[in-house]
2 protein chains.
Amino acid sequence: MLSFSEENYLKTIYHIEQFQPDGVSTNAIAKKIQTKASSVTDMLKKLAAKQLIIYEKYQGVQLTKEGKKIALKVIRRHRLWEYFLVKKLNYRWDEVHEIAEQLEHIKSKTLIDNLEEFLRFPKFDPHGDPIPDKNGKMILTKTISLLELKVGQKGVLDSLKDSSDAFLKYLNKKNLALRDRIKVIDIEPYDNSVHIETKTHQLLISKKVAENLNIKV
Amino acid sequence: MLSFSEENYLKTIYHIEQFQPDGVSTNAIAKKIQTKASSVTDMLKKLAAKQLIIYEKYQGVQLTKEGKKIALKVIRRHRLWEYFLVKKLNYRWDEVHEIAEQLEHIKSKTLIDNLEEFLRFPKFDPHGDPIPDKNGKMILTKTISLLELKVGQKGVLDSLKDSSDAFLKYLNKKNLALRDRIKVIDIEPYDNSVHIETKTHQLLISKKVAENLNIKV
DNA sequence: ATATATTTTTAGATAAGACTAAAAAAATAT
DNA sequence: ATATTTTTTTAGTCTTATCTAAAAATATAT
Ligand SMILES: [Mn+2]
Ligand SMILES: [Mn+2]
Ligand SMILES: [Mn+2]
Ligand SMILES: [Mn+2]
């Protein structure tokens with residue numbers, strides 16, 4: 001049985017691996033998990049001893065098949081609980097992450113499958129991220145960043161690159177939600193800001209924000 | 001913020017205090033929490049330093065007002081989660097305790113009140129135990145053990161003195177459930193076993209079992 | 001009242017997971 | 001090619017929650 005901490009490391013390595021497929025660095029993990037590099041090194045040794053990652057000094061790490069399986073289990077639990085909190089307990093999407101961070105570590109052979117059934121097998125969490133099924137399979141949607149759209153092009157807001165509460169609150173304020181249809185009205189070449197239009201309103205968006213919006217075209 | 005372990009100690013002390021109002025012994029705690037007496041002593045010092053218990057060497061402990069408040073919070077969380085597991089995820093009453101032992105430690109200002117509302121403010125958990133409200137208030141039902149009933153007397157199975165999974169499974173097997181109307185047919189003076197009748201069947205019950213059935217007359 | 005048994009506490013050790021400071025390795029810049 | 005900077009690891013410390021073994025206090029029995 002893995003500890004909370006071990007599960008968090010595996011999950012974090014999985015997330016970073018999506019962008020850094022050939023070797024996740026100690027520092028990258030430390031930054032995401034909000035700890036010191038030396039603490040990360042200690043844990044990497046432990047996970048390597050358990051054959052959950054491949055670790056060679058100074059070389060960065062990769063999840064083994066078993067490590068990836070556990071990471072996906074934790075992510076599955078996290079996203080199903082987030083869905084529960086939003087759909088059943090009426091939380092907003094910017095309120096659930098921290099609670100799910102705790103709930104994702106509850107240990108039970110049956111709990112998460114029963115929860116999934118109760119929720120009627122949702123395929124996406126409140127932030128548009130796919131929920132892995134019992135076997136770790138999930139729906140991967142092809143998206144591009146809003147920054148890559150040309151003037152006049154349309155698309156649908158599918159998910160987010162940054163799901164921090166701060167960014168979610170920003171989107172609340174600007175009245176932007178998942179599945180909103182977005183059209184690019186204009187792009188300012190000086191600072192790459194984007195002028196967009198939704199069904200209900202027009203909006204000016206900075207490069208930084210545009211970068212974090214995943215669009216299905 | 002208290003640790004899992006501290007919360008468990010407070011909850012356990014509260015439970016024992018119901019039967020031992022003037023001082024809970026180190027050994028009693030150790031037995032319930034499945035740990036060594038020396039470990040208990042260490043924790044008692046810590047809880048006393050935090051003013052959650054009154055502790056004097058060799059004298060046993062009592063919860064302070066604040067300690068009791070926290071204990072009731074943990075019990076509230078435990079019982080609401082148990083209710084959720086049975087009513088929403090279709091668990092049996094003998095399957096939920098261990099999962100609730102984990103869920104009861106999830107920290108959030110709002111979670112448990114939202115869960116309570118979602119469940120429509122249940123007043124009793126699946127084992128007949130009262131669920132404390134936001135302020136720690138709960139419905140206390142006057143019951144006596146089945147052992148105290150006379151031949152011919154009737155009553156309703158209200159709750160259990162022992163809610164271990166083993167005992168719950170025994171009751172499943174014998175087709176005895178909460179709120180069953182029970183009549184005492186005969187009492188065997190030799191071993192204090194009790195012959196009872198419910199709406200559907202008759203049953204012979206040992207002294208030990210009878211002792212653990214709380215009856216509302 | 002005294003011996004014996006039981007309970008509780010103390011002392012010292014261990015494991016997990018974090019930290020700081022310093023050393024070693026790797027990456028980058030001149 | 002060498003110096004400098006950055007990254008990573010090591011060594012040693014700390015905290016929390018355990019444990020065992022031994023000492024001290026209390027309870028029980030004769
Ligand atoms: Mn999240
Ligand atoms: Mn999410
Ligand atoms: Mn329980
Ligand atoms: Mn219960």
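Chain naming here is simple, since letters A, B, ... match the order of the sequence lines and numbering starts at 1 in each.
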So does [X] get a side-chain nitrogen or oxygen closer than 4.0 Å to the phosphate oxygens (OP1/OP2) of [N]?
X	N	answer
A/Thr35	C/dC19	yes
B/Lys45	C/dT10	yes
B/Asn27	C/dT8	yes

Between [options], which one does the side chain of [X] approach most closely?
X	options	value
A/Asp42	C/dC19, D/dT8, D/dT18	C/dC19
B/Ser39	C/dT20, D/dC19, D/dT9	D/dC19
A/Tyr58	C/dA18, C/dA24, D/dA25	C/dA24
B/Thr26	D/dT18, C/dT9, C/dA26	C/dT9
A/Lys36	D/dC19, C/dT8, C/dC19	C/dC19

Whole-Å distance separating the [atom1] atom of [X] from the [atom2] atom of [N]:
X	N	atom1	atom2	result
B/Gln34	D/dC19	CD	P	10 Å
B/Leu44	C/dT9	CG	P	7 Å
A/Leu47	D/dT9	CG	P	13 Å
B/Ile29	D/dT18	CD1	P	13 Å
B/Lys31	C/dT6	NZ	C1'	14 Å
A/Leu2	C/dA16	CG	P	13 Å
A/Lys57	D/dA11	NZ	C1'	13 Å
A/Glu56	D/dT7	CD	C1'	17 Å

Partner of A/Glu104 by salt bridge (Lys or Arg N to Asp or Glu O under 4.0 Å), out of A/Lys73, A/Lys11, A/Arg76, A/Arg77
A/Lys11
Is the NZ or CZ atom of B/Lys88 both under 6.0 Å from the centre of the six-membered ring of B/Phe118 and within 45° of that ring's axis?
yes
Do B/Lys161 and B/Phe167 form a cation-pi contact, if we require the NZ or CZ to be under 6.0 Å from the six-membered ring centre and within 45 degrees of the ring's axis?
no
For A/Arg79 and A/Pro130, work out which heavy atoms get closest and say how close.
NH1-O, 2.6 Å
For B/Lys174, enumerate each residue passing the side chain to side chain donor-acceptor pair (under 3.5 Å) test, keeping only those at least two apart in sequence or located in another chain.
none
Can you tell if the side chain of B/Ile139 reaches within under 4.5 Å of the side chain of B/Phe124, non-hydrogen atoms only?
yes
Describe the nucleic acid contact of [X] in one word from base, sugar-phosphate, nothing, applying a heavy-atom distance below 4.0 Å.
X	value
B/Tyr55	sugar-phosphate
A/Ser38	base
A/Ser5	sugar-phosphate

Return whichever of A/Gln59 or A/Tyr9 has its heavy-atom-nearest nucleotide of DNA chain C closer to the 5' end.
A/Tyr9
Would you confirm whether the ring centroid of B/His78 sits within less than 6.0 angstrom of the ring centroid of B/His97?
yes
Do A/Phe84 and B/Phe84 have ring centroids that are under 6.0 Å from one another?
yes
Taking Watson-Crick (N1-N3 plus N6-O4 or O6-N4) and G-U wobble (N1-O2, O6-N3), each under 3.5 Å, can you produce the dot-bracket string of DNA chain C? Use [ ] for crossing pairs and | for inter-strand ones.
||||||||||||||||||||||||||||||
